[in-house]
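One structure is given below, encoded as structure tokens.
Atoms within a ligand are numbered from 1 in the order they appear, just like the ligands themselves.
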Amino acid sequence: MIGRFAPSPTGPLHFGSLLAALASYCEAKSQGGRWLVRMEDIDKPREMAGTADHILHTLEAFGFEWDGAVVYQSQRTPLYQEALGQLKAKSLIYNCDCSRKEIADSAQQGIDGLVYPGTCRHKTAIKSPHASRLIVDSNPISFQDAIQGQIQQNLAHSVGDFVLKRADGLCAYQLAVVVDDLEQGISHIVRGADLLDSTPRQIYLQQLLGHPTLQYAHIPVASNAAREKLSKQTLAPAIDAAQASTLLTHALNFLGQQAPKDLTSHSANDILQWAKQHWAINKVARQRSIVLS
Ligand SMILES: [Zn+2]
């Protein structure tokens, strides 16, 4: 069993990231598994200098210990290119020079933005710069999420052919995640439910690259009083290492783990020990988001 935590270094860790780190850590460590940390720094223009190191120091201050060396997506472009080449060889990739406006003018709203209508599938002359899209089909993708239950999605209806390589030349998130999870031997993915709608795209990519579907568990995301997900965009405050014990206990309770009242008076390391020993994923609420109290 191998789990992972994969933050993007676009800002310091906030309570929402702590939930994902804690849940993925407990799920792996409670079963004697390995827990890896991967820095999703593929989008260099969005990155804040020094943030990756800050995130790692914060994880340490909260008592987390990861197995093996931290992997940086920015150093793995050849792996993503190789996967793209495999899909091209199967004639599953085509170039797309549509502008945002062209797509907006002809597309329907889908599960995660607009459903790309396939405009460029049969175009013969494509301008540069252009993106590369993956052809999807209409066979439903379904999987059993350990927290959210049975999930099914039809990619053709809900997403459309999606981008694997962006017009700016960067590998898209969906491809990088799938390639890394496979290459790192990840077996169990525990992350926020905001990524639930991406999972069928990732399962589809796994299938095309000849790999089995991984085990998934999507925890509820923490939202603020305005019901916005805590994130860098909604200005979620950075977690403070001086508050590690309080925040870890709060996070355990958010995840339904019923931490004893005196747990906050213990060190972060002791709290993680307790968490590993008592972790029960079936206690996590089957909700996509929970408003923080
Ligand atoms: Zn196009």
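Residues that satisfy the side-chain hydrogen bond (donor to acceptor under 3.5 Å, both in side chains) test with K90, not counting sequence neighbours, are absent from this structure. The side-chain hydrogen bond (donor to acceptor under 3.5 Å, both in side chains) test applied to T10 returns K232, not counting sequence neighbours. In this view, D181 and R4, R38 satisfy the side-chain hydrogen bond (donor to acceptor under 3.5 Å, both in side chains) rule, not counting sequence neighbours.
For the Zn ion (ligand 1), the nearby protein N/O/S atoms, meaning those under 2.8 Å, are C96 SG, C98 SG, Y116 OH, C120 SG.
Relative orientation of the W35 and F5 rings is parallel, given thresholds of 30° and 60° on the angle between their planes.
A salt bridge between K29 and D67 is present, with a side-chain N of the basic residue lying under 4.0 Å from a carboxylate O of the acidic one.
Closest of all the heavy-atom pairs between T249 and S245 is OG1-O, 2.8 Å.
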